[in-house]
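Here the structure comes first, spelled out in structure tokens, and everything after it is commentary.
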Amino acid sequence: MSQPDGGALHDMPDPVAVRDIELAATKDLRARVLRSHIPGSPAHASSDDLPDTWHLGAFRGDRLVGVVTVFPQSAPGHSGAPAQRFRFMAVEPSEQGGGAGTALMSEVMARARARGDRLLWANGRDTALDFYVGLGFEVVGDSFTDATSNLPHHVVVLAL
């Protein structure tokens, strides 16, 4: 059987499935994608150990292709508004642009809304701002250099 464009169905990649994962499952992808330019730098933060922190993985078949970590934290300039912050958003380079990041963020948004959160936010790398803006995030404030990665970032905020 073939598709309208002439390609065979078996050429279609497996769909992306998002599910809960353990912290340990995030570490390799975090380190390779987000810390490769600073060998030996831990891809860990104190927020990983908070009781309300949750981790999601994007899978294509059995292969983990993306990760994100989320935890409750007020957004800058929005003290008191229920919010979730996400960190360590990482997608395999070969999978970037293939829907894994969008699938992860769609699940994060849905869960944050279900929890009653009003905002979702992160310190987003400037290289990823187009991705976040495409999902409806607003880029807030001036660029800053992240102390760990030494890369330019902006705060990104999404009203839920």
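All residue numbers refer to positions in the sequence shown, counting from 1.
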When hydrophobic residues are tied together by side-chain contacts of less than 4.5 Å, even through go-betweens, does Phe71 share a cluster with Leu160? no

Val156 reachable from Leu158 in the ILVMFWY side-chain graph, under 4.5 Å edges: yes

Minimum heavy-atom separation for Ala83 and Ala75, please, with both atom names. CB-N, 4.0 Å

Taking everything shown except Arg125 itself, do over 12 heavy atoms lie less than 6.0 Å from its CZ? yes

Looking at every heavy atom in both Ala103 and Val16, which two are closest together, and how far apart are they? CB-CG1, 3.8 Å

Please check if Leu34 and Met89 belong to a single hydrophobic cluster, counting links between Ile, Leu, Val, Met, Phe, Trp and Tyr side chain heavy atoms closer than 4.5 Å. no

Is the positively charged end of Arg19 above the ring of Phe59, judged by distance under 6.0 angstrom from the centroid and angle within 45° of the axis? yes

Write down the atom of Gly124, the atom of Tyr132, and the distance for their closest heavy-atom approach. CA-CE1, 4.2 Å

Those residues at least two apart in sequence (or on a different chain) that pass side chain to side chain donor-acceptor pair (under 3.5 Å) with Asn123 are none

Could you walk me through whether Asp49 and His44 pass side-chain contact (heavy atoms from CB on, under 4.5 Å), step by step? CA-CA 9 Å; Asp49 304 315; His44 185 88; 3.0 Å; yes

Taking all atoms of both residues into account, what is the closest heavy-atom pair of Ala81 and Leu119, and its distance? CB-CD1, 4.0 Å

Steps toward side-chain contact (heavy atoms from CB on, under 4.5 Å) verdict (Val108, Gln84): CA-CA 9 Å; Val108 169; Gln84 293 287 314; 5.8 Å; no

Between atom CZ of Phe144 and atom NE2 of His154, what is the distance when rounded to the nearest 0.5 Å? 8.5 Å

Could you state the interatomic distance from CZ (Phe88) to NE2 (His55), rounded to the nearest 0.5 Å? 10.0 Å

I would like to know whether Arg111 and Leu56 meet side-chain contact (heavy atoms from CB on, under 4.5 Å); could you show each step before the answer? CA-CA 11 Å; Arg111 290 187 185 196; Leu56 296 176; 3.4 Å; yes

Flag yes if Val33 and Ile21 sit in one hydrophobic cluster, no otherwise; membership is Ile, Leu, Val, Met, Phe, Trp, Tyr, and two members link when side-chain heavy atoms are under 4.5 Å apart. yes

State whether the side chain of Thr26 and the backbone N or O of Leu23 hold a donor-acceptor pair below 3.5 Å, judged by distance alone. yes

State plainly whether one hydrophobic cluster holds both Leu135 and Leu104, where clusters connect Ile, Leu, Val, Met, Phe, Trp and Tyr through side-chain heavy atoms under 4.5 angstrom apart. yes

Side chain to side chain contact (heavy atoms under 4.5 Å, CB included) partner of Val139, the single match among Val133, Val155, Val157: Val133

Which label fits Phe137 and Phe86: parallel for a plane angle under 30°, tilted from 30 to 60°, or perpendicular past 60°? perpendicular

Pairs in or reaching into residues 52-75: which pass salt bridge (charged side-chain N to carboxylate O under 4.0 Å, His left out), with residues at least two apart or in two chains? Arg60-Glu95, Arg63-Glu95

Is a donor from one side chain sitting under 3.5 angstrom from an acceptor on the other, for Ser47 and Arg85? no

Check the pair Asp126 / Leu151 against side-chain contact (heavy atoms from CB on, under 4.5 Å), numbers first and verdict last. CA-CA 8 Å; Asp126 282 5; Leu151 296 172; over 6 Å; no

Smallest separation among heavy atoms of Arg115 and Pro72, with atom names: NH2-CG, 4.3 Å

Least distance between heavy atoms, Gly61 atom then Asp14 atom: CA-OD2, 3.6 Å

Distance in Å, Arg118 CZ paired with Arg113 CZ, rounded so as to fall on 0.5 Å steps: 11.0 Å

